[in-house]
Amino acid sequence: MLPLDVVTRDGELQHVKALDVSLKTLKKMGVEGVMIDVWWGIVEREGPGTYDWTAYTQLLEMVRAAGLKLNAVMSFHACGANVGDYFEVKLPQWVLDAAKKDPDLFFTDQYGYRNPECVSLWADNAKTLEGRTPLECYRDFMTSFRDAVDDVGLTSTLSEISVGCGPCGELRYPSYPENKISPNSSQWQFPGIGEFQSYDQRALGNLARAGSKAGHIEWGGAGPHDAGGYNNLPHETGFFRAHCGSWDSEYGQFFLSWYAGALVEHGDRMLQCARGVFTPEGSNVQLAIKCAGVHWWYNSRSHAAELTAGYFNTRSGDNVPERDGYESIVKICGKHAARLNFTCAEMRDIEHPFFSRCGPEGLLRQIRAAAARHGVKVAAENAL
């Protein structure tokens, strides 16, 4: 992965000489290619539909000249609030301005904190961004990137397009925001369980319809009342505790199925959108999405941190069966011939405190097993 700030917020490629030497050195070492974040907040900073690809096409030319390939990450999220973020890139200002008029563009927690890291998946089809929906904005961005690369004859240098689907470019909810930018707002610390992000008005409306359809309108009023806060531990909550927790109930299964299902549907829409742009007949560009390695509390019964992140992955309870929360994600990758990029591949269980029940090794085995069943390739990424 190239440095986060290889392209400045003003759209300038920096440290060009050092970058050129580094790329050529990587080639001599046997490296096949590099990865770069293509920031929405940089490219479309001047206004909706106004794209500046100059720095990225310049970088592509340098990568080609070095004999390397490029994995381009369509980064529709902000940078600067999470672990390892030493560079700040906000969403385009016109998106932030739209959120002032429509605050429900952003994921919202039970306390009303709206996270500006990415647009809420429940707003995917809302025409609230200067007459376009977020999905249309993502499609137009990717189409413009494809055309800009093709215009300079560098399409063959692209090896993979990784489609950003949420915070940190991962298909998940922003359930554990470190919020270094706003330290007084909903700050999470490891190994907190995080919080459900289903309190914007579009999410609540969708939940209400789901509750009505299930024949339980009382289930559709809000998220679980006993799920605790960002830094609670599972046993401190009524929802996530190992025995007689609400997750292990008919209501818990309803809510978690709805919450995780909405995330998978969003991933499906994003891959469908990217597939229409980048993979016409004869194209050799590989699509991919990233899945987060939420490994803390993996070795507990409820897998609390995974549940708030949107992965309905639990052991069997007293009343409900075991659930594989990654099977449905792998299936949409198979549907769209996409690779699954999984983080924390280098971690070992013994590297983490026992009380947090971390299980990165078991999580990786589970992901690989699900991918093997559906013929999906898995790419590994080290955790920051």
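Index from 1, following the sequence.
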Pair [X] + [Y]: ring centers closer than 6.0 Å:
X    : Y    : value
H303 : Y298 : yes
W40  : Y138 : yes
Y251 : W219 : yes
F145 : W53  : yes
F107 : Y173 : yes
W122 : H266 : no
W188 : W296 : yes
Y230 : Y176 : no

Which pair of non-hydrogen atoms, one from [X] and one from [Y], has the smallest distance, and what is that distance?
X    : Y    : value
K290 : C168 : NZ-O, 3.7 Å
G164 : M270 : O-CE, 3.2 Å
L263 : L171 : O-CD1, 3.6 Å
G166 : H77  : O-CB, 3.6 Å
E361 : R348 : OE2-CA, 3.3 Å
N232 : T237 : CB-CG2, 4.0 Å

Ignoring hydrogens and geometry, is there a side-chain-to-backbone donor-acceptor pair from [X] to [Y] under 3.5 Å?
X    : Y    : result
R301 : R241 : no
E44  : G49  : yes
S212 : A208 : no
N71  : V34  : no
R357 : W297 : no
S159 : K69  : no
T308 : A305 : yes
N299 : C358 : yes
Y326 : L363 : no
Y259 : Q197 : yes

Any donor-acceptor N or O pair under 3.5 Å, side chains [X], [Y]:
X    : Y    : answer
Q93  : D97  : yes
D5   : H15  : no
T108 : R114 : yes
S75  : D37  : yes
H374 : E327 : yes
N313 : Q366 : yes
T54  : D52  : yes

Practice prompt. Kindly work out whether a path of hydrophobic side-chain contacts (I/L/V/M/F/W/Y, heavy atoms less than 4.5 Å apart) joins L105 to Y199.
Written response: no
Worksheet item: If two hydrophobic side chains count as joined below 4.5 Å and joins carry through other members, does M35 share a cluster with L340?
Response: no
State whether the number of non-hydrogen atoms from other residues, nucleotides or ligands found under 6.0 Å of [X] atom [atom1] is greater than 12.
X    : atom1 : value
R368 : CZ    : no
E236 : CD    : yes
K213 : NZ    : no
E32  : CD    : no

Roughly how far, to the nearest 0.5 Å, is the [atom2] atom of [Y] from the [atom1] atom of [X]?
X    : Y    : atom1 : atom2 : value
S120 : N115 : OG    : CG    : 10.5 Å
F239 : D226 : CZ    : CG    : 7.0 Å
Q253 : D248 : CD    : CG    : 7.0 Å
I329 : C291 : CD1   : SG    : 4.5 Å

Worksheet item: Looking at side-chain heavy atoms only, is the closest gap between P92 and R45 below 4.5 Å?
Response: no
Worksheet item: Any side-chain heavy atom of C118 sitting closer than 4.5 Å to one from F76?
Response: no
Item to complete: Test R202 against every option in D104, D102, D124 by the salt bridge (Lys or Arg N to Asp or Glu O under 4.0 Å) rule and name the one that passes.
Response: D102
Worksheet item: Are the charged groups of R9 and E88 less than 4.0 angstrom apart, N to O?
Response: no
Worksheet item: Going through the checks in order, is the side-chain hydrogen bond (donor to acceptor under 3.5 Å, both in side chains) test met by Q189 and N231?
Response: CA-CA 6 Å; Q189 292 181 342; N231 292 313; 5.2 Å; no
